[in-house]
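Scroll down for the structure; my scribbles are underneath it.
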Amino acid sequence: MPKGSIKSIITYLNGIKDIPPNQFGKLDAFAMQFIGTPQSGFVDLGMENPTRLEFLKKLSTAKAATKEITLIPGETLYFFLQDVAKTFGLDSQKLQESYDTYFHLPEGIIVPETYKLPLGLSEDQFMKLLSQMSYKWHENTATQLMGVYDRDKWFYYVSIASIVQKEAANIDEMPIVAAVVFNRLKLGMPLQMDGSLNYGEYSHQKVTPERIRNDTNVCNTYKYKGIPPYPCTSASIQAIKAVLNPANVEYLYFVRNKNGTHTFSKTYQDHKSNF
């Protein structure tokens with residue numbers, strides 16, 4: 001249903017190809033003044049072969065048709081926008097352009113969770129709604145966990161959490177991986193973590209020695225010391241909490257073991273023996 005006056009809605013209904021011409025007229029417009037104006041967007045009538053009055057009533061009371069879309073923790077905006085475009089019939093490039101309008105960082109702001117959103121939104125409306133929801137979540141969560149919402153400081157921690165999200169084998173490992181990050185930062189060591197290179201379109205690709213050598217993106221923690229200036233992927237609340245409460249350990253290294261988890265070590269000598 002379009003936005004606009006009752007008159008414009010009647011004109012729209014009469015223009016639908018499966019409805020006989022001029023099916024709706026002044027009496028219907030008059031009835032709508034008492035029944036209520038239909039909401040804009042796609043609506044789910046939830047009925048077949050209604051009477052004329054039932055149809056008009058349902059138009060004014062039906063809930064918006066919705067679909068669900070999930071952003072998985074650790075997934076990147078690049079793939080999320082492709083999923084959104086496919087699910088909601090939108091253009092991924094226009095979604096990206098609208099994202100750039102409403103979000104202050106190129107990645108890591110949309111909260112990883114399942115969203116139930118109305119059909120019929122434009123790309124701009126879709127990203128504006130997500131930005132409002134996401135920034136509100138970050139403000140509320142930061143205030144709850146830290147007592148205050150300092151946007152720059154908060155997203156610094158989210159940036160670390162995005163690396164922890166990619167590196168940890170499970171939630172239990174997250175505080176330990178976070179500790180390794182802070183221990184390395186304290187000593188001025190580069191992080192050298194493969195997960196940071198799983199940004200954007202490389203989200204699902206194995207990190208190769210060639211990528212490590214040649215990738216000049218700011219998320220390459222082999223090439224650049226410190227924390228990337230923005231999150232490299234989405235980060236779960238568990239990863240963020242791990243960063244705010246890292247484990248009290250002195251580990252500097254870790255490597256994946258045969259169990260699919262990681263073996264942590266304090267020295268490079270011990271780290272080499274764990275391969």
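Predicted model, so just to flag it, every value in this text is computed and none were measured.
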Item to check | Stepwise ring pair (Phe, Tyr, Trp, His ring centres under 6.0 Å) check, Tyr135 with His104 | outcome: CA-CA 10 Å; Tyr135 278 114; His104 80 288; 5.8 Å; yes

Next on the checklist: Between Glu107 (side chain only) and Leu77 (backbone N and O only), is there a donor and an acceptor less than 3.5 Å apart?
Outcome noted: yes

Checklist entry - Between Asn14 and Phe24, is there a donor-acceptor pair closer than 3.5 Å when you use the side chain of the first and the backbone of the second? => result yes

Checklist entry - Is the shortest heavy-atom distance from the side chain of Phe88 to the side chain of Leu95 under 4.5 Å? => result no

Next on the checklist: Please report the interatomic distance CD1(Ile237) to CD(Gln144), rounded to the nearest 0.5 Å.
Outcome noted: 7.5 Å

Item to check | Gln165-Ser234 side chain donor-acceptor pair, cut-off 3.5 Å | outcome: no

Item to check | Distance-minimising heavy-atom pair for Val255 and His271 | outcome: CB-CE1, 3.9 Å

Item to check | Heavy-atom closest contact (Leu197 atom, Tyr202 atom, distance) | outcome: O-CB, 3.7 Å

Item to check | Within-4.5 Å side-chain heavy-atom neighbours: Asp83 and Leu71 | outcome: no

Checklist entry - Taking side chain as C-beta onward, heavy atoms only, is Tyr222 less than 4.5 Å from Asp194? => result yes

Checklist entry - Just how far is it from atom CD1 of Ile227 to atom OG of Ser162, taken to the nearest 0.5 Å? => result 8.5 Å

Next on the checklist: Rounded to the nearest 0.5 Å, what separates atom CE in Met193 from atom CG in Asn198?
Outcome noted: 13.5 Å

Checklist entry - Do Asn140 and Tyr149 get their side chains close enough for a donor-acceptor pair, meaning under 3.5 Å? => result no

Checklist entry - So, do Ser203 and Lys166 sit near enough that their side-chain heavy atoms are less than 4.5 Å apart? => result yes

Next on the checklist: Other residues, nucleotides and ligands only: do more than 12 of their heavy atoms fall within 6.0 Å of CZ on Phe182?
Outcome noted: yes

Checklist entry - For the atom pair SG (Cys232) and CD1 (Ile160), what is the distance rounded to the nearest 0.5 Å? => result 11.5 Å

Checklist entry - Does Ser5 offer a backbone N or O that forms a donor-acceptor pair with the side chain of Ser8 under 3.5 Å? => result yes

Next on the checklist: Under 3.5 Å, is there a donor on one side chain and an acceptor on the other for Tyr102 and Asp124?
Outcome noted: yes

Checklist entry - Counting distance only, does the side-chain N/O of Ser196 pair as donor-acceptor with the main-chain N or O of Gln192 below 3.5 Å? => result no

Checklist entry - Is a side-chain N or O of Asp270 found less than 3.5 angstrom from the main chain of Ser265, in a donor-acceptor match? => result no

Next on the checklist: Could you check whether any side-chain N or O of Asn259 sits under 3.5 Å from a backbone N or O of Thr261, counting only pairs where one atom can act as donor and the other as acceptor?
Outcome noted: no

Checklist entry - To the nearest 0.5 Å, what is the distance between CD1 (Ile10) and CD (Gln23)? => result 10.5 Å

Item to check | pair Trp154-Leu244: side-chain heavy atoms closer than 4.5 Å | outcome: yes

Checklist entry - For Asp215 and Lys223, which heavy atoms make the closest approach, and how far apart are they? => result O-CE, 3.2 Å

Checklist entry - If you take all heavy atoms of Phe254 and Glu167, which pair is closest and at what distance? => result CE1-OE1, 3.5 Å

Checklist entry - Taking everything shown except Gln205 itself, do over 12 heavy atoms lie less than 6.0 Å from its CD? => result yes

Checklist entry - Do the side chains of Phe103 and Ile110 get nearer than 4.5 Å, heavy atoms only? => result yes

Item to check | Smallest separation among heavy atoms of Ser159 and Pro229, with atom names | outcome: OG-C, 4.3 Å

Item to check | Thr216 backbone acceptor or donor facing Tyr224 side chain under 3.5 Å | outcome: yes

Checklist entry - Just checking, any donor-acceptor pair under 3.5 angstrom between side chains of Gln238 and Ser236? => result yes

Next on the checklist: Are the side chains of Tyr157 and Leu145 in contact, using a 4.5 Å heavy-atom criterion?
Outcome noted: no

Item to check | Stepwise side-chain contact (heavy atoms from CB on, under 4.5 Å) test for Phe155 and Ile109 | outcome: CA-CA 8 Å; Phe155 280 104; Ile109 300 178; 3.9 Å; yes

Item to check | Nearest-0.5 Å distance, CE of residue Met32 to CG of residue Leu56 | outcome: 5.0 Å

Next on the checklist: Looking at Lys116, is its backbone amide N or carbonyl O close enough to the side chain of Lys67 to form a donor-acceptor pair, meaning the two atoms are under 3.5 Å apart?
Outcome noted: no

Checklist entry - Within a reach of under 6.0 Å around CD of Glu97, are more than 12 heavy atoms found that belong to other residues, nucleotides or ligands? => result yes

Checklist entry - Below 4.5 Å, heavy atoms only, C-beta onward: do Val243 and Val181 meet side chain to side chain? => result no

Next on the checklist: Quick check on the hydrophobic clustering: are Phe264 and Leu191 connected, directly or via other members, by side-chain heavy-atom contacts under 4.5 Å?
Outcome noted: yes

Checklist entry - Would you say the side-chain atoms of Asn170 pair up with the backbone N or O of Glu173, donor to acceptor, closer than 3.5 Å? => result yes

Item to check | Ring centres under 6.0 angstrom apart (Tyr253, Tyr268) | outcome: yes

Checklist outcome for this item: Note: Val158 and Pro231 closest approach over all heavy atoms is CG1-CG, 3.7 Å

